[in-house]
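Read through the structure below, which is laid out as structure tokens, and then see the notes.
Lettering of chains follows the sequences in order, A, B, ..., and the numbering in each one begins at 1.
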Number of protein chains: 2
Amino acid sequence: MTARITDVARAAGVSASTVSRALRGRAGVSDEVRAQIAAVAAQLGYTASRSASSLASGRTYTIGVVAPYIGRWFFGTVLDAAEQVFSAAGYDVLLYNLGSPEARKRFFTKLPVRKRVDAVLSLLIPDEDESAALRSLGVPLASTVGGPRPGFTVVGIDDRAGAESAVRHLVNLGHRRIGMVSGASGPLHWTTPVDRRTAYLHVLAEAGIEPDPALVADGDYTVDGGERAMTELLAASRPPTAVFAQSDEMAMGALRALRRHRLRVPDDVSVVGFDDHELADVVGLTTVAQPVAGQGAEAARLLLRQLDEPDAEQPGHVQMPIRLVLRETTAPPRPRGPQ
Amino acid sequence: MTARITDVARAAGVSASTVSRALRGRAGVSDEVRAQIAAVAAQLGYTASRSASSLASGRTYTIGVVAPYIGRWFFGTVLDAAEQVFSAAGYDVLLYNLGSPEARKRFFTKLPVRKRVDAVLSLLIPDEDESAALRSLGVPLASTVGGPRPGFTVVGIDDRAGAESAVRHLVNLGHRRIGMVSGASGPLHWTTPVDRRTAYLHVLAEAGIEPDPALVADGDYTVDGGERAMTELLAASRPPTAVFAQSDEMAMGALRALRRHRLRVPDDVSVVGFDDHELADVVGLTTVAQPVAGQGAEAARLLLRQLDEPDAEQPGHVQMPIRLVLRETTAPPRPRGPQ
DNA sequence: CTGTTAGCGCGTTCAA
DNA sequence: TTGAACGCGCTAACAG
């Protein structure tokens, strides 16, 4: 079997406590003894059992990360960046993928992270009960999505400002019939789509454009959903000359739908996305760029800092910069519109 | 604090052992006592401490997943699917993102999963030493990449057949100057790019085409790398009329490079990818489709079966189906080639 | 600076 | 069917 702490202690001719102190870099061990122990431990291939040490110390050196749909670019990228920060600091990551309602319910009722993690990073927006459940863990909490919430350190962007810049861009190009492929309107307590919709309506009002319900469709934050939504918009009696998609993946689905309808972008229809997806550049998508990996890394760092200095002041909300990236899917409307 | 097993025992008027047995569904507890205990536990919000129970039992109900670059579509998708299978079976997932050489080295020397996981799923191809390190954990091992390896259950595809079908497609269209954007040729012991390269050379030989080293460039499995590689190929004295990219992400980078050079696809240059990325459809990319999520889910299932029935026969290698998907980035070469 | 003692919260014998 | 005793491997508090 694998070596235990007493094996190292015996081989080094010291007590188990000394080995423990030496290996964890705690003070109170002479340099030579420490070096000796390190050598013996390395030779025996000794690693302290996390179960045992966390049982004894109460610290787990593990961070719980809860996410919906890891396969989605946005979440995968955030997770990737956060994981790097955590593991560089010696923390492991316990991942919970809560895409399905059952998985989500199971997680929040059983709360398998209880006593298993030192902190939680949430990539999803919990509702009131879920928030309370997380707070009951008694560990630092952070999130990279949604607005400020009590008990959480939230690293996000100004969704309204971002969406406004996208829609305003279309207005400035001269579009009047501006559609929107919105995010999931489902039971998720997701403020993002709401904020972006508010921004959309706000800019239309500002420009004196009457909103048309037939020009808004739900794209469920997926490529396929975006395609369906765009198809729906194109079926309107007076289809849009420009569309704001609340995510790049939906925007790409919209592009696919347009291609299938033999409509040209941006000649017939302009499209703006949101995220600056890794592949947005490939398809020439105009979009609102946000620092996705940056948000994951920053949230991770803030969590680690809370762990290191529990008493230090913590920002409740950090806002990262956004910017409109102009590419090739937007242009002024054609004189007479599509068809 | 959170309730411990003795709290439940006291409240239910039984001993801790009985609570333990009752809650884990072990035999030897009367139905009424079991129901009573379940009620009390639920009311107290009791969940057994994973640290304590794994220390006592040796089982962790945790699976370690090691991956490079979770942010990459392929790995994110595999991970997503695998996680769903694991969590549905009551297992947690410990994620290790080993993108950087330092992270990778740290992981394999310290082996933080020792005594922490019941099994390991590897999304990367370990070299000999790394394989040995994983085997030394003494737990079931599975992988979704590369070829068969001792000690591992590998769920993969026939890389050679897949690459051959892609290159043969180009040959059949009439192309003679066929380039390749290959995968990382770095220190990773990654048999995939080697297999795909072998297939490429094999098909060329079969067609009586002399391979030209100037028509092969390394794209590092990234979009940016694919763009660089394509740019390199275009700088050749006689550039290719068709290109096989070893991944869709590199193919998309190649498309971007072509667009920047004002070359049209497929009129000037044909492009074939590999993976059938979620967005391949959006850009109309012809590619070799493989069941990515399917591989993750299947590997996870095989791992769980090994945990349930340690003595059952296990397949060492499972091959999933592939197929060439024809879209719009491939066509016969123009009579006189580009320029 | 180092060793000894006493748990951390469970699961698992063994008796009853 | 149940309970008491023990130990999983480690860290923390206390001596020395």
Set of residues satisfying ring-ring contact (aromatic ring centres under 6.0 Å, His included) with respect to [X], sequence neighbours excluded:
X	value
Y91(B)	Y61(B)
Y96(A)	F107(A)
F74(A)	none

Next on the checklist: Under 4.0 Å from a heavy atom of chain B: give me the 5'-most and 3'-most nucleotides of DNA chain D that qualify.
Outcome noted: dT1(D) to dG9(D)
Checklist entry - How sharply is the helix from dC1(C)-dG16(D) to dA16(C)-dT1(D) bent, taking the axes over five pairs at either end and rounding to 10 degrees? => result 30°
Checklist entry - Do V40(A) and V19(A) have side chains that get closer than 4.5 Å, going by heavy atoms? => result no
Next on the checklist: Contact between S122(A) and L141(A) at the side-chain level, heavy atoms closer than 4.5 Å - yes or no?
Outcome noted: no
Checklist outcome for this item: Walking DNA chain D from its 5' end, the first of R4(A) and S15(B) to be reached, judged by nearest nucleotide, is S15(B)
Checklist entry - What does nucleotides 11-16 of chain C look like as a protein-contact string, B for base, S for sugar-phosphate only, - for none, at under 4.0 angstrom between heavy atoms? => result SBB---
Checklist entry - What residue pairs, at least two apart or across chains, pass side chain to side chain donor-acceptor pair (under 3.5 Å) with a residue in residues 132-145 of chain B? => result S143(B)-R149(B)
Next on the checklist: Please enumerate all residues that pass side-chain hydrogen bond (donor to acceptor under 3.5 Å, both in side chains) together with S17(A), with sequence neighbours excluded.
Outcome noted: none
Item to check | Residue list, side-chain hydrogen bond (donor to acceptor under 3.5 Å, both in side chains) with S57(A), at least two apart or on another chain | outcome: none
Next on the checklist: Test: salt bridge (charged side-chain N to carboxylate O under 4.0 Å, His left out). Region: residues 70-97 of chain A. Which pairs qualify, not counting sequence neighbours?
Outcome noted: R50(A)-D92(A), D92(A)-R116(B)
Next on the checklist: With salt bridge (charged side-chain N to carboxylate O under 4.0 Å, His left out) as the rule and sequence neighbours excluded, what pairs involving residues 52-67 of chain B come up?
Outcome noted: R59(B)-D118(B)
Checklist entry - Would D7(B) and R4(B) pass as an ion pair if we require N to O under 4.0 Å? => result yes
Checklist entry - When you check the gap from the basic side-chain N to the acidic O, do R301(B) and E298(B) get nearer than 4.0 Å? => result yes
Next on the checklist: Please give me the minimum heavy-atom distance between P315(A) and T153(A), naming the atom from each residue.
Outcome noted: O-CG2, 3.3 Å
Checklist entry - Nearest nucleotide by nearest heavy atom, which residue falls closer to the 5' end of DNA chain C, D31(A) or T6(B)? => result D31(A)
Checklist entry - Contacts to DNA chain D from residues 35-44 of chain A, heavy-atom cutoff under 4.0 Å, which residues? => result none
